[in-house]
Number of protein chains: 2
Amino acid sequence: MPPSTPNLTHVACSNCCLNEVCTPLNIANIGITVKDNFVERRLPVAKDTVLILGANEEHYLYAITSGSFKLIADNDNQSHRACLGFRFAGELLGESALSGNKSPYTAIALEDAHVCRLSTHTASTVNTQMPEFSNRIIRLLSNQLHDSLKTHALYQGSASAEEKVIAFLTEVSLKYRRAGQNHLVFTLPMSRSDIADYLGLTKETLSRSLTRLSEEQKIYCSAKHIELLDSRLTNYSL
Amino acid sequence: MPPSTPNLTHVACSNCCLNEVCTPLNIANIGITVKDNFVERRLPVAKDTVLILGANEEHYLYAITSGSFKLIADNDNQSHRACLGFRFAGELLGESALSGNKSPYTAIALEDAHVCRLSTHTASTVNTQMPEFSNRIIRLLSNQLHDSLKTHALYQGSASAEEKVIAFLTEVSLKYRRAGQNHLVFTLPMSRSDIADYLGLTKETLSRSLTRLSEEQKIYCSAKHIELLDSRLTNYSL
DNA sequence: CGATGACTTGACTGCTGTCAACGTGCGTGG
DNA sequence: CCACGCACGTTGACAGCAGTCAAGTCATCG
């Protein structure tokens with residue numbers, strides 16, 4: 001495995017999905033800020049590290065603060081078509097941990113990364129003491145469900161290969177925008193095979209679609225470097 | 001619109017996703033059962049009724065107790081390929097309400113149905129008073145996320161039209177099983193067009209796939225009546 | 001019984017998958 | 001420094017499956 005090109009730029013806490021959960025609870029009758037007790041912050045994760053979420057009775061909610069991950073299905077019956085999605089800085093991993101479920105996916109770091117994590121045990125303990133913390137967790141999960149549904153809707157209308165690729169670029173662009181980074185010019189951290197698996201295409205068809213989109217001046221694409229030139233690709237909001 | 005064939009069989013509360021939330025909280029320091037105050041129970045919904053979830057600042061979490069719904073995307077840019085999924089008795093509607101988001105889908109009753117509902121205002125009020133209630137809501141949302149991811153994984157490996165149809169029948173079968181109903185012999189409440197939209201196929205291709213599956217003795221299919229004959233279709237678990 | 005809509009079947013086109021060859025970037029080793 | 005191997009990505013040729021258009025069948029309801 002080649003050495004990683006480290007992405008040392010952490011996403012700002014204000015752009016992180018766990019921000020509300022991380023933000024100190026200034027509760028009058030407790031009078032302390034509890035942030036650092038709850039969330040373990042900025043743990044390094046080396047490229048290609050496999051995060052099996054929810055094994056060994058240890059359940060954590062992770063927030064990615066730098067780097068990116070790909071999600072693969074645990075059902076090892078089929079090695080192909082196993083890529084379930086991607087997560088970038090500011091996004092959550094292990095979102096089904098709070099029901100005690102093992103995550104239905106395994107996350108693999110696409111580059112050197114950092115994560116913050118909250119143990120579900122800690123979360124449930126704090127919940128019983130601070131209703132406001134519960135409400136923050138509930139908003140987090142509800143927002144996550146909303147995102148999940150919107151993303152589904154984004155892809156639902158895509159019939160042709162080219163439409164699927166456009167939907168993918170739109171999704172990635174949105175993730176960069178949320179992270180407070182450039183959402184018109186960015187790097188794709190994953191391989192063409194991963195993208196193709198995710199979209200239900202072959203890597204050849206994906207490659208041809210990218211070539212055609214380049215020819216149509218809708219994007220500029222050179223290897224993993226992408227520039228979006230067509231406003232249709234960036235108008236979507238989740 | 002033709003009259004509905006009413007499905008008067010309610011799902012048992014024990015098989016409902018809201019069961020935990022509905023179950024009385026026997027809290028010592030309150031000493032009351034509060035079920036009926038929180039959840040409005042078994043409201044009738046006529047066939048073809050459109051449920052716009054989260055309009056007018058009214059946000060509710062719904063549980064279907066009888067009947068079924070189809071989910072369509074709100075983005076009316078494309079009338080085709082708009083079907084996002086289906087929900088059966090025992091399942092949730094409006095799951096992103098608790099973050100104050102308008103639901104990204106609209107639900108339409110496929111047959112006369114009944115729903116229970118919990119207003120988000122009630123939920124947040126109770127949350128601040130009863131930590132155990134919060135934990136139940138959190139488990140509900142986390143389970144919902146888990147389901148959503150598992151369903152995604154179920155379809156991810158499906159390359160051909162026939163595999164998509166098999167995944168669909170597997171999903172529907174699972175929903176009936178969860179509802180405590182026969183999951184090997186059942187009725188499809190939605191049209192072929194709805195299924196085709198959902199799967200990203202044309203209704204012609206869907207029809208041909210069903211015919212082929214029948215010829216291969218994997219299913220018996222007569223109009224909306226389905227029987228699963230191949231164990232591969234029923235081994236999946238979410 | 002006829003009208004309407006839903007579903008199925010058929011013929012044909014076209015897009016996507018398959019298989020293969022080639023090009024490119026990068027690290028290793030001569 | 002360059003040659004080489006390897007992995008990744010692109011391009012080409014061809015076949016097969018799914019989409020399109022059209023016709024026919026079936027179910028339901030007035």
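Proteins get letters first, then strands, A, B, ... in listed order; numbering begins at 1 in each.
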In chain order, what residues pass the side chain to side chain donor-acceptor pair (under 3.5 Å) check against [X], with sequence neighbours excluded?
{"X": "S191(B)", "result": "D194(B)"}
{"X": "H183(A)", "result": "none"}
{"X": "E91(A)", "result": "K175(A)"}

For [X] and [N], give me the distance from atom [atom1] to atom [atom2], rounded to whole Å.
{"X": "E215(A)", "N": "dT10(D)", "atom1": "CD", "atom2": "P", "value": "12 Å"}
{"X": "D48(A)", "N": "dA7(D)", "atom1": "CG", "atom2": "P", "value": "14 Å"}
{"X": "E162(A)", "N": "dG19(D)", "atom1": "CD", "atom2": "C1'", "value": "17 Å"}
{"X": "L110(B)", "N": "dA6(C)", "atom1": "CG", "atom2": "P", "value": "13 Å"}
{"X": "D194(A)", "N": "dA7(D)", "atom1": "CG", "atom2": "C1'", "value": "13 Å"}
{"X": "L199(B)", "N": "dA18(D)", "atom1": "CG", "atom2": "P", "value": "12 Å"}
{"X": "K47(B)", "N": "dT28(D)", "atom1": "NZ", "atom2": "C1'", "value": "11 Å"}
{"X": "K164(A)", "N": "dG17(C)", "atom1": "NZ", "atom2": "C1'", "value": "12 Å"}

Close residues, residues 205-214 of chain A, relative to DNA chain C [heavy-atom separation under 4.0 Å]: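 The answer is T205(A), R208(A).
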
Any donor-acceptor N/O pair under 3.5 Å between dC19(C) base and E204(A) side chain: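 Yes.
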
Given the rule in the side chain to side chain contact (heavy atoms under 4.5 Å, CB included) test, do F168(B) and I195(B) qualify, once you have shown the distances and angles that lead to the verdict? CA-CA 8 Å; F168(B) 172 73; I195(B) 302 172; 3.7 Å; yes

side-chain contact (heavy atoms from CB on, under 4.5 Å) with T49(B): which residues, sequence neighbours excluded?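 Per chain and number, T49(B) pairs via side-chain contact (heavy atoms from CB on, under 4.5 Å) with V45(B), A46(B), L51(B).
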
Looking only at side-chain N and O atoms, does K224(B) come under 4.0 Å of OP1 or OP2 in dC7(C)?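 For dC7(C), OP1 or OP2 has a side-chain N or O of K224(B) closer than 4.0 Å.
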
Could you tell me whether the phosphate oxygens of dG17(C), OP1 or OP2, come under 4.0 Å of any side-chain nitrogen or oxygen in K203(A)?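 No, outside the criterion.
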
Can you identify which nucleotide, out of dA18(D), dT8(C), dG17(C), has its nearest atom closest to the T202(A) side chain?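 Selected nucleotide: dG17(C).
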
Check ion pair E162(B)-K218(B) (N to O, under 4.0 angstrom):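 Salt bridge: yes.
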
Run the ring-ring contact (aromatic ring centres under 6.0 Å, His included) test against Y176(B) and tell me which residues pass, sequence neighbours left out.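 Once residues adjacent in sequence are excluded, the partners of Y176(B) under the ring-ring contact (aromatic ring centres under 6.0 Å, His included) criterion are F88(B), F186(B).
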
